[in-house]
Q: 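Got a structure for you, written out below as structure tokens; questions coming shortly.
Note: hydrogens, waters and symmetry copies are ignored here, and every other heavy atom, side chains too, is used. Please read these numbers as outputs of a predicted model, since none were measured by experiment.
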Amino acid sequence: MSLSTARSFLSEACYGEQELDANSALMELDKGLRSVKLGEQCEAVVRFPKLFQKYPFPILINSAFLKLADIFRLGNNFLRLCVLKVTQQSEKHLEKILNVDEFVKRVFSVIHSNDPVARAITLRMLGSLASIIPDRKNAHHSIRQSLDSHDNVEVEAAIFAAASFSAQSKDFAAGICNKVSEMIQGLDTPVELKLKLIPMLQHMHHDASLASSSRELLQHLVNSYPSTPLVIVTLHTFTQLAASSLIDIPKQLQLLLQYLRDDPRKAVKRLATNDLKLLAKKAPHLWLRENTQTLCECALTSPYNSLKLGMLAVLSTLSGTIATKQYFHNWTGGPSAPPRLTDLVKLAQECCYHSNLAIAAHGVIVLSNIAISCPEKDIVQLEQDTVLGVESLLMLCSQDSSPGSQATLKTALTSLVKLLKSRPHLSQSAVEFLLCQLHLSCDSSRVLMCHALAAIATHLPVLGDGMLGDLVDLYRVASHSSTDKQQELLVSLATVIFVASQSSLSAEVTTVIKQQLMNVANGWTVYRIARQASRMGCHEFSSELYQCLRTRVASEHFYFWLNSLKEFSQAEQCLSSVEDGDYSGALGAIAEALRSYQKGIASLTAASTPLSPLTFQCEFIKLRIDTLQALSQLICTCNSLKTSPPPAIATTIALTSGNDLQRCGRIAMQMKVCMDEFRSLAARYSDLHQSSFDADYATLRNVELQQQSCLLVSHVIEALILDPQAASFQEYGNLGSVQTESEYERRMMSVFTHVLEEVEGLTQKHPPVSHLHTGCLCDAVIALLKVPLSFQRYFFQKLQSTSIKLALSPSPRTPNEAIPVQSSQQLTLKVEGVVQHGSTPGLFRKIQSVCLNVTSVLQSKAGADFKVPLDTKTNEIEQRVGPHNDYFSTQFLLNFSVLGTHTVTVEASVVDESGTEWKTGPKTTVSVKSLEDPYSQQLRHQLQQGGTQPAPQRSAYARF
């Protein structure tokens, strides 16, 4: 793969900056490395990580690291230190070094220097390279020798290198363990050096015997050296070793709890709590009831707030896991004492009212998690205690805008929302308390409370009406200035109002919001509120806001974006006026909506740029347009039963032809066309879902609901008209029991359930086709249209960004040139790729493997036109490869036995951690020209010249 080819697949967006290709960039840095000025050399060295980030493909990285190795070999110690830092920063690119032997040879030559500092830097360099040279014996030998050095700098570097190699190599760890043990126990080893040697033992977990011997040594050290620094380092190494080897976690829990209970030193207790929290996250299922009880007793008796806070942090981590259920049950499996009489509950109740806000927050977390996980018959009193604890903490923090109080308030509100989701009967009183507290709180606290109210109202929409009055009153007086917190409060309050209104805003509410926005809101705040209105289905209000924002932006792309949003909102507003039974009105509303949608899609296309192509938005709107057209066509088809009913002889024709659908007349064929159209739309929605790897869960659920609505309509057409006997409703029977997460989803699921019930009742009573069947179909269409479309977050905002760049080797010199290959040979196609992320990688889902699909198609055939087997014309191979450090590489062996030009297509898709495949792309094509090999060409010429006389057989004797 050439550097110019690699540039096309891996260069990132330059945002207008003049970019150099990979060759030029490397030559520019090489010029700096050859400079006689030390400053220019150092500047060139430290610019290499940016080059690796920009062009992360092996050929450039290999060349660059070889140049750095030369600088390391020939330069002074400062340059060596710069190269070391670059190597450590570029750790994820080390495995792309192709000439590892040559690179290590140049670096390793410095280990024989007489300068101990140079040797120390070389040892640290070797330690940084441990992931690619874990079993190099010369490196192992140098590290062992350097551990005996009399220079402290070299010994510390050797310890770093030994720790790095121990983590990577089982052989090195087994060989160095005894050496480290002797040094730690040696009387001539300084204490400071022992403190640096002990952490190396945490890497001795490659097999059970090695872990056991390391644990015995650590146990001996804990007993023999009781000084605080040694105990702290030894205990932490103990914990790290246990967490890696897993089998010793129960013993380590007992040891840490013993030191927490018996050791009087605060530093040791603090270390024990931190390590206990690490083990609580790592293996909560290994915490026995006795372990949790001991921790509770220590927390109850501890007089120090800092230690109590650490112990409560461990308990709050455990309270949301299976360890809580294990605590509230005896060994025999039966229930133990009532939860409210246990030490854990007593501790949580006591801490809920603690003067230290952080302790109180952890107390609330523990208490709410216990209330959620315990059986309902045991927790009536516990529920009340939890709600009272949360309310007291809210009152204490809501009027304080300091960061600590706000963090505690957020924790308390999160616990409250979790509790109310599992115990809905507590919601009414909690909402009333929050509404009262809103009037007394500071702005930052009001924002957090609004988020909590929105979450509660989303889960329990019945509480929305009760909130609305207080929220509108508060909105009237909410903002008197344009500070950031005031602007945030306007957005949060508007969001809660939209959720509580359930997509039907009254004129009074819209007037109040508009008045406040005109007084103090800036353009960004207005846009955020309009965006929330579009998400909640308040399209009339959002349309007005987008209308006033269009002329307040500084770019025509932003203007077209806002104009498209205004048109989409107007289109959905047209559909909201549809009434039950008014079929002609529904056709008119759809036609009006389609006009607005067509204007909007034109503006949306104009708003897209190369850096922001708006692919998802355009495809989603095109699908919406096609869905509305299909629904309109379905209503027209239903009306055709009145204008063109079945002929009188339809029954006779059906009996004669044996096709029962003929009794329905021409409407049957029209309905079949409609059904196929809706199934096609459902398949397109599925494709959109599969291509939206970076979308949030709400957006994906929205796309799923659109797909399900198309499948529902196609199923209803089949059940009512085309094949009533074969239609089955069992697969849709559990729709009502699905847990919904938004008002839009709730309303769509309600429509699905209602339509299926109507259709099932009709198919059992009346044979097709009558005005009852067409009326039921039209009613289903209107019911779907009356649910306001929700534009979810991914339509406006992309929180996660993931892209794959591919490079193929061999590659043509020019884009239109074909790669030549002889027909008797096979082509080895190497595919390399890099996964590129945005600022928040893995926010919603992570890539587990990349699926590469290679296909080849014969475009034009050369030579005689004779038939060839189909399997020799094409190649179709699929491989899955797991990316390592965001890089992957694999090879394909392709056969081109048919002469001519072939097009090879390589398409990538990703598989997430749950095993779901996402069609993210990209798709890359390359042309291959299959040529006739010389021997076959010579044989063909001989046959043509000699007629039917066969050519002599080729053998080993033909050469003599």
Q: Taking the side chain from S244 and the backbone from L241, do they hold a donor-acceptor pair closer than 3.5 Å?
A: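 No.
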Q: Hey, is the main chain of A407 close enough, under 3.5 Å, to the side chain of T411 for a donor-acceptor pair?
A: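 Indeed, once roles are kept as given, a pair shorter than 3.5 Å links the two residues.
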Q: Considering non-hydrogen atoms only, spot the tightest contact between N291 and Q254 and give its length.
A: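 Closest pair (atom of N291, atom of Q254, distance): ND2-CG, 4.3 Å.
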Q: With a 6.0 Å cut-off (strictly less than), is the heavy-atom count around NE2 of H141, excluding the residue itself, greater than 12?
A: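 No - once you tally the heavy atoms of other residues, nucleotides and ligands closer than 6.0 Å, there are 12 at most.
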Q: For H140 and P134, indicate whether the former's side chain and the latter's backbone hold a donor-acceptor pair under 3.5 Å.
A: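 Side chain of H140 to backbone of P134, a donor-acceptor pair under 3.5 Å: yes, one is there.
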Q: Specify the closest pair of heavy atoms between Y887 and G833, including all atoms of both residues, with the distance to one decimal.
A: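 Shortest heavy-atom contact: CD1-O, 3.4 Å.
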Q: Measuring only between side-chain heavy atoms, which start at C-beta, is I159 closer than 4.5 Å to L193?
A: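 Yes; the side chains approach each other to less than 4.5 Å.
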Q: Can D912 and S914 be said to form a side chain to side chain donor-acceptor pair (under 3.5 Å), step by step?
A: CA-CA 5 Å; D912 65 13; S914 63; 2.8 Å; yes
Q: May I ask you to test the Y353-S392 pair for a side-chain heavy-atom distance under 4.5 Å?
A: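 Yes. Closest side-chain heavy atoms under 4.5 Å.
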Q: Roughly how far apart are L147 CG and K179 NZ, rounded to 0.5 Å?
A: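 NZ of K179 is found 6.0 Å from CG of L147.
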Q: With a sphere of 6.0 Å drawn around CZ of F78, does it hold more than 12 non-hydrogen atoms of other residues, nucleotides or ligands?
A: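 No, because the 6.0 Å sphere around CZ of F78 holds 12 heavy atoms or fewer from other groups.
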Q: Just checking, is any N or O donor in the side chain of Q406 or S401 under 3.5 Å from an acceptor N or O on the other one?
A: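 Result is no, nothing qualifies.
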Q: Only counting residues at least two apart or in another chain, list the ones meeting side-chain hydrogen bond (donor to acceptor under 3.5 Å, both in side chains) with D694.
A: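 If we apply the side-chain hydrogen bond (donor to acceptor under 3.5 Å, both in side chains) test to D694, skipping adjacent residues, the hits are Q800, T802.
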Q: Show, in sequence, the C-alpha distance, side-chain angles and deciding distance for F103 and F72, and conclude whether the ring-ring contact (aromatic ring centres under 6.0 Å, His included) test is met.
A: CA-CA 10 Å; F103 175 68; F72 189 89; 8.7 Å; no
Q: Assess whether side chain to side chain donor-acceptor pair (under 3.5 Å) is satisfied between E350 and H354, documenting all intermediate values.
A: CA-CA 7 Å; E350 174 189 308; H354 202 280; over 6 Å; no
Q: Checking S849 against R880 for the side chain to side chain donor-acceptor pair (under 3.5 Å) test, could you report, in this order, the C-alpha distance in whole Å, the side-chain angles of both residues, the deciding distance, and whether it holds?
A: CA-CA 6 Å; S849 61; R880 285 193 179 185; 4.7 Å; no
Q: Once you round to the nearest 0.5 Å, how far does CD1 of I804 lie from CG of D886?
A: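 Going from CD1 on I804 over to CG on D886, the span is 10.0 Å.
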Q: Just how far is it from atom NZ of K269 to atom CG of D263, taken to the nearest 0.5 Å?
A: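 CG of D263 is found 6.5 Å from NZ of K269.
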Q: Taking it one step at a time, do L260 and L276 satisfy side chain to side chain contact (heavy atoms under 4.5 Å, CB included)?
A: CA-CA 10 Å; L260 182 64; L276 284 169; 3.9 Å; yes
Q: Taking atom NZ of K137 as the centre, report whether more than 12 heavy atoms of other residues, nucleotides or ligands fall under 6.0 Å from it.
A: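 Enclosed.
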Q: First locate atom CG of L129, then atom OG of S131, and finally report the distance between them rounded to the nearest 0.5 Å.
A: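 One gets 7.0 Å once the value is rounded to the nearest 0.5 Å.
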Q: Could you walk me through whether S169 and D171 pass the side chain to side chain donor-acceptor pair (under 3.5 Å) check?
A: CA-CA 5 Å; S169 171; D171 293 338; 5.2 Å; no
Q: Side-chain donor-acceptor contacts of residues 292-304 below 3.5 Å, not counting sequence neighbours, with atom names and distances?
A:
unit_1	atom_1	unit_2	atom_2	d
T292	OG1	L288	O	3.4
Q293	OE1	Y327	OH	2.7
Q293	NE2	E297	OE2	3.2
Q293	NE2	D343	OD2	2.4
T294	OG1	E290	O	2.8
T301	OG1	E297	O	2.9
T301	OG1	C298	O	3.3
S302	OG	Y304	N	3.4

Q: So, S373 side chain and K325 main chain: donor-acceptor pair closer than 3.5 Å or not?
A: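 The answer is no, because no donor-acceptor pair under 3.5 Å joins these two groups.
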Q: Taking it one step at a time, do E156 and R124 satisfy side chain to side chain contact (heavy atoms under 4.5 Å, CB included)?
A: CA-CA 9 Å; E156 290 179 10; R124 290 188 178 273; 4.2 Å; yes
Q: Assess whether atom NZ of K85 is packed by more than 12 heavy atoms of other residues, nucleotides or ligands within 6.0 Å.
A: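 Count not over threshold, so no.
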Q: Would you please test V86 and L68 for side chain to side chain contact (heavy atoms under 4.5 Å, CB included) and show each step?
A: CA-CA 9 Å; V86 168; L68 289 175; 3.9 Å; yes
Q: Is there a donor in the side chain of S146 and an acceptor in the side chain of S149, or the other way round, less than 3.5 Å apart?
A: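 Looking only at side-chain atoms, S149 and S146 do not form any donor-acceptor pair under 3.5 Å.
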Q: Closer than 4.0 angstrom, basic N to acidic O: yes or no for D275 and K282?
A: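 The answer is no: the pair does not qualify as a salt bridge.
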Q: Testing the basics here: between F888 and V834, what is the closest heavy-atom pair and its distance to 0.1 Å?
A: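 That would be CE2-N, 4.0 Å.
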Q: Is there a side-chain contact between L253 and L279 (heavy atoms, below 4.5 Å)?
A: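 A side-chain contact under 4.5 Å exists here.
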Q: Side chains of Q252 and R215: closer than 4.5 Å at any heavy-atom pair?
A: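 When only atoms from C-beta onward are counted, R215 and Q252 do touch, with a gap below 4.5 Å.
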Q: Check whether S166 reaches the backbone of A173 with its side chain - one donor and one acceptor, N or O, closer than 3.5 Å.
A: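 Answer holds: no.
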Q: Is the side chain of S224 donor-acceptor paired with the backbone N or O of L221 at a distance under 3.5 Å, no angle test?
A: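 Judged by distance alone, no pair lies under 3.5 Å.
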Q: Contact between L201 and I184 at the side-chain level, heavy atoms closer than 4.5 Å - yes or no?
A: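 They are in side-chain contact.
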Q: Find the distance between CG (L230) and OG1 (T228) and round it off to the nearest 0.5 Å.
A: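 So the gap between those two atoms works out to 9.5 Å.
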Q: Distance from Q219 atom CD to L217 atom CG, nearest 0.5 Å?
A: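 Rounded to the nearest 0.5 Å, the CD-CG separation comes to 10.5 Å.
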Q: Could you report the tightest heavy-atom contact between T237 and P199, atom names first, then the distance?
A: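 Heavy atoms only, the tightest pair is OG1-CA, 3.5 Å.
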Q: If you define the side chain from C-beta out and look only at heavy atoms, does anything of I176 sit under 4.5 Å from M204?
A: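 Yes. Closest side-chain heavy atoms under 4.5 Å.
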Q: For R845 and T916, indicate whether the former's side chain and the latter's backbone hold a donor-acceptor pair under 3.5 Å.
A: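 It does not hold such a pair.
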Q: More than 12 heavy atoms of other residues, nucleotides or ligands under 6.0 Å from CD1 of I322: is that the case?
A: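 No, CD1 of I322 has 12 or fewer neighbouring heavy atoms, counting only those of other groups under 6.0 Å.
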Q: Whether the side chain of K277 engages the backbone of G310 through a donor-acceptor N/O pair (distance < 3.5 Å, no angle test) should be reported.
A: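 No, K277 side chain to G310 backbone: no donor-acceptor pair under 3.5 Å.
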Q: Is a donor on one side and an acceptor on the other found under 3.5 Å between the side chain of D207 and the backbone of L210?
A: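 Looks like yes, one N/O pair under 3.5 Å.
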Q: For the residue pair S402 and D400, confirm or rule out a side-chain donor-acceptor distance under 3.5 Å.
A: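 On atom types as modelled, these side chains qualify, holding a pair under 3.5 Å.
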Q: Do side-chain atoms of R80 reach the backbone of T122 as a donor and acceptor pair under 3.5 angstrom?
A: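 Answer holds: no.
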Q: Under the side chain to side chain contact (heavy atoms under 4.5 Å, CB included) rule, what do L246 and L286 come out as? Steps first, then yes or no, please.
A: CA-CA 10 Å; L246 297 178; L286 296 178; over 6 Å; no
Q: With a 4.5 Å limit on heavy-atom distance, are the side chains of S368 and V390 in contact?
A: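 S368 does not reach V390 side chain to side chain.
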Q: More than 12 heavy atoms of other residues, nucleotides or ligands under 6.0 Å from CD of E91: is that the case?
A: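 Not more than 12 within 6.0 Å, no.
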Q: Y259 versus V222: any side-chain heavy-atom pair under 4.5 Å?
A: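 Touching, per the 4.5 Å side-chain cut-off.
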Q: Any idea how F165 and F172 line up, ring-wise: parallel (<30°), tilted (30 to 60°), or perpendicular (>60°)?
A: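 Tilted.
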Q: Ignoring hydrogens, what is the shortest heavy-atom contact between S164 and G127? Give both atom names and the distance.
A: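 In terms of heavy atoms, the two residues are closest at CB-O, 3.3 Å.
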Q: Ignoring hydrogens, what is the shortest heavy-atom contact between S398 and L409? Give both atom names and the distance.
A: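 Looks like CA-CD2, 4.5 Å.
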